[in-house]
Amino acid sequence: MENQSKKTVFSGVQPSGNLTIGNYLGAIKNWKQFEDDYNSLYCVVDLHAITVRQEPAELRRRTLETLAVFMACGMDVSKNTLFVQSHVSAHAELAWVLNCYSMFGELSRMTQFKDKSQKHANNINAGLFTYPVLMAADILLYQTDIVPVGVDQKQHVELARDIAQRFNQTYSDTFIVPEPYIASSGTKIMSLADPTKKMSKSDENANATVRILDSKDDIIRKFKRAVTDSGSEVRFSEDKPGICNLMTIYSCFSGKSFEDIEKEFEGRGYGDFKLAVGEMCADSLSPIRDEFAHLLSDKAYLENVAKEGAQKASYLAQKTLSKVYRKVGFLAK
Ligand code: AQP
């Protein structure tokens with residue numbers, strides 16, 4: 001159960017595709033450090049995933065697999081509450097209330113909405129537009145202090161802060177105003193096919209993304225094909241976005257600084273470097289792949305983790321939701 005003296009950390013991942021090294025380096029890898037000192041909750045945000053059309057059987061499969069990836073990445077179920085968003089109805093309920101405290105103008109300014117409505121021009125649904133309000137509900141329900149996310153989600157956490165402050169000012173202190181936690185590196189891994197674009201799990205180009213669960217051969221092949229710049233020098237420089245991205249990935253997995261990487265590959269050219277990045281990435285992910293396979297062999301266990309996680313999360317969520325319902329003036333049951 002929650003420890004009142006500890007702060008709370010919350011984050012989520014959409015089961016909208018097989019998770020990439022962007023999701024890993026920008027988000028999941030940073031979660032482990034909080035598990036001893038924080039009340040920590042991590043959620044597979046399936047309600048968010050349906051803002052884009054999903055194949056139902058695929059979504060169901062990926063939801064359980066995403067939970068297994070959290071665990072395979074080292075999230076200890078005795079220290080972290082791992083759950084599925086749609087199992088805790090308070091997320092959708094609080095989102096409705098917060099919709100009434102969110103402004104059309106501020107939602108229109110969200111860059112992810114602009115990007116996704118361009119990408120899914122035939123399905124610009126209301127859910128895509130109000131996605132950040134549901135995300136604010138996810139965060140505020142647990143009285144969250146910090147939200148570890150990649151840079152692309154910072155704007156949404158800032159909106160959650162604005163919504164919390166607006167609600168607190170309208171009534172009285174109700175929500176903790178959360179802070180985004182952005183790691184010092186790996187917070188925006190770029191596509192291997194176009195290094196000016198973020199790597200995204202829903203990208204249809206298989207060569208653009210490296211999945212956490214890709215085989216070693218696939219990972220090496222994808223890095224070998226990665227789009228780089230003209231020239232052959234491994235150097236961190238603004239005019240070399242492809243090489244900068246590969247250096248960032250290599251640095252995140254190896255712990256080496258850019259300076260050390262430049263020295264290591266001095267005079268060796270892109271081919272050698274790409275192979276080394278592929279090997280470093282594949283070898284670092286190999287224990288995760290093995291643990292994932294092991295976890296997936298016992299679906300009943302995973303379902304039970306989700307069930308227990310949802311029970312713990314529901315208890316906490318209900319406390320905040322009841323408070324909110326009282327403040328806005330809903331009649332008690
Ligand atoms: N390329 C990335 N680099 C670093 N961090 C990233 N994140 C996503 N892509 C990168 C972080 O991963 C967490 C989970 O993201 P999400 O599932 O909530 O949705 P997203 O940000 O929209 O991620 P994707 O992979 O791009 O999904 P799709 O393709 O469905 O839109 C977040 O903390 C995010 O910052």
Side-chain angles (χ1 to χ4, degrees), residues 9-31 34 40-55 58-59 62-63 65-67 69-70 73 75 82 84-85 91 110-120 123 127-128 131-132 134-139 144 146-160 178-206 208-213 222 226 241 244-246 248-249 251-253 281:
V9 56
F10 173 92
S11 196
V13 176
Q14 295 184 73
S16 46
N18 295 327
L19 272 52
T20 71
I21 56 168
N23 303 127
Y24 177 65
L25 297 175
I28 304 172
K29 183 171 176 264
N30 305 307
W31 296 352
F34 300 112
S40 39
L41 298 108
Y42 299 105
C43 184
V44 182
V45 289
D46 53 349
L47 298 178
H48 285 279
I50 62 161
T51 53
V52 169
R53 287 281 175 271
Q54 304 290 337
E55 207 280 299
E58 278 268 291
L59 179 62
R62 272 199 248 105
T63 299
E65 288 184 4
T66 303
L67 192 81
V69 171
F70 290 0
C73 289
M75 305 311 295
L82 307 181
V84 175
Q85 188 186 28
H91 288 251
M110 295 295 113
T111 53
Q112 194 184 69
F113 171 68
K114 291 183 200 162
D115 291 349
K116 291 214 167 168
S117 29
Q118 259 179 15
K119 227 163 122 186
H120 304 280
N123 182 24
L128 199 60
Y131 175 114
L134 176 59
M135 181 164 156
D138 300 338
I139 297 167
T144 300
I146 55 166
V147 189
V149 284
V151 146
D152 64 318
Q153 292 292 345
K154 188 166 179 254
Q155 195 185 29
H156 290 166
V157 181
E158 279 161 1
L159 181 74
E179 294 280 350
Y181 171 90
I182 312 281
S184 54
S185 62
T187 64
K188 192 171 184 188
I189 300 297
M190 310 308 275
S191 154
L192 295 195
D194 176 358
T196 61
K197 244 178 64 185
K198 186 184 82 121
M199 185 182 286
S200 273
K201 64 174 111 60
S202 61
D203 198 319
E204 278 163 12
N205 179 354
T209 57
V210 176
R211 315 278 174 186
I212 298 176
L213 302 172
K222 288 181 185 182
C244 287
N245 190 36
L246 297 188
T248 302
I249 295 169
S251 164
C252 287
F253 281 116
C281 173

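We count ligands from 1, going down the list as the structure has it; atoms in each ligand are counted the same way.
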Got the closest protein heavy atom to [atom], with its distance?
atom	result
atom 19 (O) of ligand 1	Gln14 NE2, 3.2 Å
atom 32 (C) of ligand 1	Gln153 CG, 3.8 Å
atom 35 (O) of ligand 1	Asp152 OD1, 2.4 Å
atom 28 (P) of ligand 1	Ser202 OG, 3.5 Å
atom 9 (N) of ligand 1	Lys198 NZ, 3.1 Å

Nearest non-hydrogen atom to [atom] belongs to which of [options]?
atom	options	value
atom 33 (O) of ligand 1	Ser200, Cys252, Gly150, Ser191	Gly150
atom 25 (O) of ligand 1	Lys116, His156, Lys188, Lys201	Lys201
atom 6 (C) of ligand 1	Gly22, Gly12, Ser11, Cys43	Gly22
atom 8 (C) of ligand 1	Thr20, Asn23, Val13, Thr66	Asn23

- prompt: Would you call the rings of Phe34 and Tyr181 parallel, tilted or perpendicular if under 30° counts as parallel and over 60° as perpendicular?
  reply: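 Rings of Phe34 and Tyr181: perpendicular, over 60°.
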
Is a side-chain donor or acceptor of [X] paired with a backbone partner of [Y] at a separation under 3.5 angstrom?
X	Y	answer
Ser191	Lys197	no
Gln155	Thr111	yes
Lys29	Ile21	no
Ser200	Ser202	no

Select one of side chain, backbone, both or neither to describe which atoms of [X] lie under 4.0 Å from any atom of ligand 1, heavy atoms only.
X	result
Ser16	side chain
Ala27	side chain
Ile28	neither

Quick one: does [X] get a heavy atom under 4.0 Å from ligand 1?
X	result
Gly186	yes
Gly17	no
Gln112	yes
His48	no

message: Looking only at distances, can you tell me whether any N or O atom of Val45, backbone or side chain, sits closer than 3.5 Å to an N or O atom of ligand 1?
response: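 Min N/O separation from ligand 1 is not below 3.5 Å for Val45.
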
message: Quiz question: by atom type and distance under 3.5 Å, do the side chains of Lys201 and Ser16 form a donor-acceptor pair?
response: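 Note: Lys201 and Ser16 side chains meet the donor-acceptor criterion.
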
- request: Kindly check if the number of other-residue, nucleotide or ligand heavy atoms within 6.0 Å of CD (Glu55) is above 12?
  value: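 Count over threshold, so yes.
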
- request: Give the minimum heavy-atom separation between Arg211 and Asp203, together with the two atoms involved.
  value: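 Where Arg211 meets Asp203 most closely, the heavy atoms are NH2-O, 3.8 Å.
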
